[in-house]
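Everything quoted here is computed from the prediction, not taken from an experiment.
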Amino acid sequence: MCLTGVDYFSTLGYQPSIAYENAGLLAPLATIVLVVVTLFGALPIYSYVAGRSHTGQGSIGMLAKLVSGWGGKTLVLTLLGFAATDFVITKTLSGADAAVHLITNPLWPLSVADDAEKTRQAILVTSFLLVLLGASFMRGFREVIGLAAIIVGIYLAINTIVVGACVVYLVEHPEYFQRFLDHVQAGEWHLKDAPLSGTNSMTIIAISLIIFPKLALGLSGFETGVAVMPLVRGRPGDDPREPHGRIANTRKLLITAAVVMSTFLVASSIVVACLVPPEHLTRLDAAGHENPDIPLSDLKAKDRALAYIAHGENPEGKLVPFFGATFGTIYDISTVIILWFAGASAMAGLLNLVPQYLPRYGMAPEWTRATRPLVLVFTLINLAVTVIFRASVDAQSAAYATGVLVLMTSAGVASVIDLWQRRTGRWFTRIAWIFVFITLVFAYTTVANVIEKPDGIKIAAFFIVGIIVMSFASRIARSRELRFAGFKIADVETRFMWDTIRHLELTILVPHRPGRRSLANKEQQIRREHRIPRDLMIVFIEVVLADTSDFVNEPLLKIEQEEGRFIMRITGAASISHTLAAVALEMAKVGRPPEIHFGWTDESSVSGTLGFLLFGEGNVPWMVRDLIRRAEPDEAKRPLIIIAGSA
């Protein structure tokens with residue numbers, strides 16, 4: 001839970017400030033709406049996802065099982081783009097806010113004379129923290145998890161002190177809360193472009209419902225929660241195919257994290273709205289008009305509202321005696337550490353997701369299965385993002401929220417489809433209506449966020465296009481790898497005949513497309529055109545394609561006899577050429593390499609290559625020859641490819 005929490009709980013470092021900047025004095029009401037969505041929307045959906053994707057693939061893994069073909073692969077790659085947006089921006093955004101806490105601390109040795117100098121220092125500090133994070137993952141993963149528990153425990157304890165002391169202060173001084181209510185009722189919200197006019201209670205509630213998507217960063221921990229499922233301990237007797245103990249414990253993790261965070265979100269938003277002056281948080285006046293001439297240095301609570309209170313910087317002074325520079329510095333140190341370490345959960349999610357998809361799809365080199373090269377690549381990407389966005393928390397928050405919301409929407413869609421497929425009966429009883437409603441809420445939140453902050457989808461599009469382009473380039477580059485994981489043998493009789501055929505002095509393999517002509521006719525033609533003596537036995541191979549977009553597969557092999565002829569039927573293949581090459585090479589391991597006899601084809605090289613890449617077919621004889629030459633360097637051990645006859 002703490003590994004998840006360094007992402008989820010660390011948003012307290014900037015969420016109260018961002019909530020106020022986006023919702024003004026209505027932030028507490030919008031936060032309550034967000035908490036309702038969290039507890040009664042996100043939590044049920046991800047509890048279901050945990051039960052259906054216990055290997056840590058999350059909502060993407062569920063959808064990957066429900067879709068197939070190139071369209072399905074493209075959908076998964078698109079979602080991986082949003083996931084990359086989520087996890088990468090988690091690291092850069094958290095690092096940027098950690099830099100804000102550092103350079104605004106009174107003990108920071110360097111002078112921040114103006115906005116330009118503040119930005120320069122923020123970029124340098126953020127970059128240093130990201131490199132330090134990458135170095136920690138180079139050492140190992142268990143050390144990272146152990147540190148997470150300590151960091152989160154200390155951080156939550158300090159935040160409990162700060163928020164708890166402020167709540168007690170508000171109880172003892174109810175005039176602050178009353179002043180907050182008076183401003184709300186008077187329409188003095190510091191809210192830009194209010195979607196409705198009026199100040200009555202129903203209008204205020206309606207506005208809070210409409211603007212709550214602006215606070216979507218508070219939903220950030222769920223996808224990470226299921227991404228780290230492989231690290232959750234289950235029961236000793238758990239079935240690896242459905243580990244009920246691990247699933248139950250993950251659901252406890254999600255519930256605990258959601259309840260803790262929801263409590264902090266509501267309490268901190270009320271505290272900030274009541275105790276932090278608006279002029280220290282936003283450039284908007286009470287009517288919602290912006291004054292861009294206000295320098296960042298005057299917004300003392302921007303991106304650090306709770307630290308502002310802990311330092312005793314509010315006009316009322318120290319709310320409790322021990323608040324001040326010393327305690328504030330302790331708070332800053334704790335916040336900086338957890339914000340820096342929030343990248344650990346994001347890095348864990350990336351290191352778990354990428355090897356499960358891209359190499360398996362053939363859309364990344366094999367080295368991407370290794371941890372250290374991936375850590376290096378992600379660190380370089382993080383540094384580039386930090387420089388491009390000038391280490392700005394605001395500039396990156398939209399992309400972060402967009403990535404989170406799209407993944408949550410996909411989780412809802414996957415859950416609805418999965419339940420539909422698992423249930424029986426009439427159509428209206430198979431639909432999970434509650435999940436449909438939750439998914440629609442997520443979809444509305446996503447669309448509203450994109451409309452409000454279109455920069456988020458632009459940043460996500462960059463990651464999506466990058467992943468898709470690089471993935472398909474890698475797939476094309478690796479298309480001539482043998483990519484054979486072995487055969488599944490259908491039965492004992494097939495095993496016996498397979499071993500018998502492999503040990504023949506010479507095996508003649510003839511590919512055959514079922515349904516075009518009879519085996520007798522095919523045998524007669526192939527013997528005549530290829531001059532095969534009648535005393536040599538021919539083994540016909542029939543390959544049935546399944547999902548041709550798969551890269552590595554394990555097809556089912558069944559050998560039967562029909563009218564005295566051996567037929568090797570292979571089903572569930574991803575490519576005819578790869579399957580034929582794999583059969584021939586497997587047989588060549590025992591005895592004399594076989595011969596594969598093909599008829600002539602007039603297919604052009606362009607159409608053949610496209611057919612090979614996209615549909616697993618193409619110019620099969622030439623592709624089989626090329627695959628065998630690449631896979632077997634010893635010419636004496638290569639199966640012989642013979643092409644003869646007419647088209």
Nearest-0.5 Å distance, CG of residue D303 to CG of residue L339: 10.5 Å
Backbone of H101 reached by a side-chain donor or acceptor of R304 within 3.5 Å: no
Other residues, nucleotides, ligands: >12 heavy atoms within 6.0 Å of L110 CG: yes
Contact summary for I89 and A399, nearest pair of heavy atoms: CG1-CB, 4.2 Å
Separation of I123 CD1 from L383 CG (nearest 0.5 Å): 11.5 Å
Donor-acceptor contact below 3.5 Å, side chain W189 vs main chain V184: yes
Sequence-distant partners of F462, ring pair (Phe, Tyr, Trp, His ring centres under 6.0 Å), two or more places apart: none
Please tabulate, for the side chains in residues 28-45, all donor-acceptor contacts under 3.5 angstrom to protein atoms that are two or more places apart in sequence or on a different chain.
| from | atom 1 | to | atom 2 | distance (Å) |
| --- | --- | --- | --- | --- |
| T31 | OG1 | A27 | O | 2.6 |
| T38 | OG1 | L34 | O | 2.9 |

Ring geometry between H280 and Y308 (parallel below 30°, tilted from 30 to 60°, perpendicular above 60°): perpendicular
Side-chain (H173) to main-chain (Y169) donor-acceptor, under 3.5 angstrom: yes
Minimum-distance pair of heavy atoms, taken over all atoms of W108 and L102: CB-O, 3.4 Å
Verdict with reasoning, Q396 to V385, per side chain to side chain contact (heavy atoms under 4.5 Å, CB included): CA-CA 9 Å; Q396 298 175 78; V385 170; 4.0 Å; yes
Residue pair T439 / F435: nearest heavy atoms and the distance that separates them: OG1-O, 2.7 Å
Nearest-0.5 Å distance that lies between atom CD1 in I381 and atom OG1 in T92: 11.0 Å
Minimum-distance pair of heavy atoms, taken over all atoms of T11 and P16: O-CD, 4.1 Å
Shortest non-hydrogen separation from D86 to T90 and the atoms involved: O-OG1, 2.6 Å
Side chain to side chain, T329 and H311, heavy atoms closer than 4.5 Å: yes
Minimum side-chain heavy-atom gap M261-L12 below 4.5 Å: yes
Shortest non-hydrogen contact from T126 toward G95: OG1-O, 3.5 Å
Reported CG-to-CG distance for the pair L275 and L170, which is rounded to 0.5 angstrom: 4.5 Å
Pairwise side-chain contact, V272 with S17, heavy-atom cut-off 4.5 Å (strictly under): no
Identified side-chain contact (heavy atoms from CB on, under 4.5 Å) partner of L405 from the options N449, V450, V447: N449
Pair F378-F87, ring-ring contact (aromatic ring centres under 6.0 Å, His included): steps then yes or no: CA-CA 10 Å; F378 293 144; F87 290 137; 9.5 Å; no
Pairwise distance CG(L124) to OG1(T119) - rounded to 0.5 angstrom: 11.0 Å
Minimum side-chain heavy-atom gap L93-D97 below 4.5 Å: no
Test item: Y48 and D418 side chains (from C-beta on) under 4.5 Å apart, heavy atoms: yes
Trace of the side chain to side chain contact (heavy atoms under 4.5 Å, CB included) decision for N105 with V336: CA-CA 11 Å; N105 187 278; V336 168; over 6 Å; no
Backbone N/O of A50 and side chain of S53: donor-acceptor pair under 3.5 Å: no
Close side-chain approach of K453 and N22, heavy atoms under 4.5 Å: yes
F128 atom CZ: more than 12 heavy-atom contacts under 6.0 Å: no
Interatomic spacing from CD in E290 to CG in D193 - rounded to 0.5 Å: 10.0 Å
Whether F327 and F322 hold their rings parallel, tilted or perpendicular, with breakpoints at 30° and 60°: perpendicular
F9/M1 under side chain to side chain contact (heavy atoms under 4.5 Å, CB included): CA gap, chis, key distance, verdict: CA-CA 10 Å; F9 302 145; M1 191 197 75; 4.1 Å; yes
Test item: V404 and F442 side chains (from C-beta on) under 4.5 Å apart, heavy atoms: no
T446-T409 side chain donor-acceptor pair, cut-off 3.5 Å: yes
Short side-chain to backbone donor-acceptor contact, T282 and P278, under 3.5 Å: no
Backbone N/O of K91 and side chain of S94: donor-acceptor pair under 3.5 Å: no
Side-chain touch Q15/L215, heavy atoms, less than 4.5 angstrom: yes
Chi angles and distances behind the side chain to side chain contact (heavy atoms under 4.5 Å, CB included) call for T85, T402: CA-CA 8 Å; T85 304; T402 300; 5.9 Å; no
